[in-house]
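Read the structure below first, then the notes.
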Amino acid sequence: MLTQLYDFADGGLPHVTWCATGPLALLPLHAAGIYGQSEIRPGQPKVSDFVVSSYTPTLSMLLPLQTLVPNETSPKVLIVSQPNVAGYASLPGALAETRLIRDVLDGRVTVVEGAGGTITSVLEQMKHHDWVHLACHGIQHQADPVKSAFVLHDGCLELSQLMQHSMERAELAVLSACQTATGDKKLSEEAVHLAAGMLAVGFKGVIATMWSIGDADAPIIVEAYYTKLLEMRK
């Protein structure tokens, strides 16, 4: 799932919001196209040539966007960076992401990292920020989807915990973690992943990953995204 708060329809492309059900909810519809063995065939059509895509798990989650008034002031931004958590692979890219976001946003951010990134502190800080960026490990729990979680310093912040809170300031969440929009084929009619959970607690837009993401790739994508986002707000 990838629901965007701002329309990036450059060049006049229309914006389409997909509300897929069943097995279609597990497919990257935005990436459909004519492919070769290992790459896109030059000149062959693909969905991104014709529309800018975003997703919603349910139609009801689109209703708040109909009356959304863009924030005229600079948003308060929270970065949660967890590059080194015991028992998990190191994520040096999380440090690079933090540095790049600070540069792009001209330092107007609050950073929670390392030992400060506890479940309690992250939940509390989320309530006081408009944009939240999570650079950490993400886990899709196949046996019990509501146990899907963000890996923080003192444990896992699970979807079930997130959905017990309401974030009144929430605008945008960027989930720079693996599998944050991965559904469950056994529950294909239900939105049971971390991105859906962030929408449920009040975020109007969520950027998430359907599969794993390379640690070295994330900072590149993040820098380009925030740079474009600021351009669109001017």
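Starting from 1, each residue takes its place in the sequence as its number.
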Identified side chain to side chain contact (heavy atoms under 4.5 Å, CB included) partner of V222 from the options T227, I101, I207:
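It is I101; the other options fail the test.
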Side chain to side chain contact (heavy atoms under 4.5 Å, CB included) with L194: which of L159, V206, I139, L157?
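Among L159, V206, I139, L157, the one that satisfies the side chain to side chain contact (heavy atoms under 4.5 Å, CB included) with L194 is L159.
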Between [X] and [Y] (side chain of the first, backbone of the second, donor and acceptor by atom type, cut-off under 3.5 Å), is there such a pair?
| X | Y | result |
| --- | --- | --- |
| T209 | A177 | yes |
| K204 | A170 | yes |
| Q82 | H137 | no |

[X] side chain near [Y] side chain, heavy-atom distance below 4.5 Å:
| X | Y | result |
| --- | --- | --- |
| H133 | E97 | yes |
| V174 | L134 | no |
| D215 | P92 | yes |

For D217, which residues count as a salt bridge (charged side-chain N to carboxylate O under 4.0 Å, His left out) partner, sequence neighbours excluded?
none
Residues T17 and S54: side-chain donor-acceptor under 3.5 angstrom:
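The answer is yes; a qualifying pair exists.
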Less than 4.0 Å between a side-chain N and a carboxylate O, is that true for D130 and K76?
no
Within 6.0 Å of CD in E231, more than 12 heavy atoms from elsewhere
yes
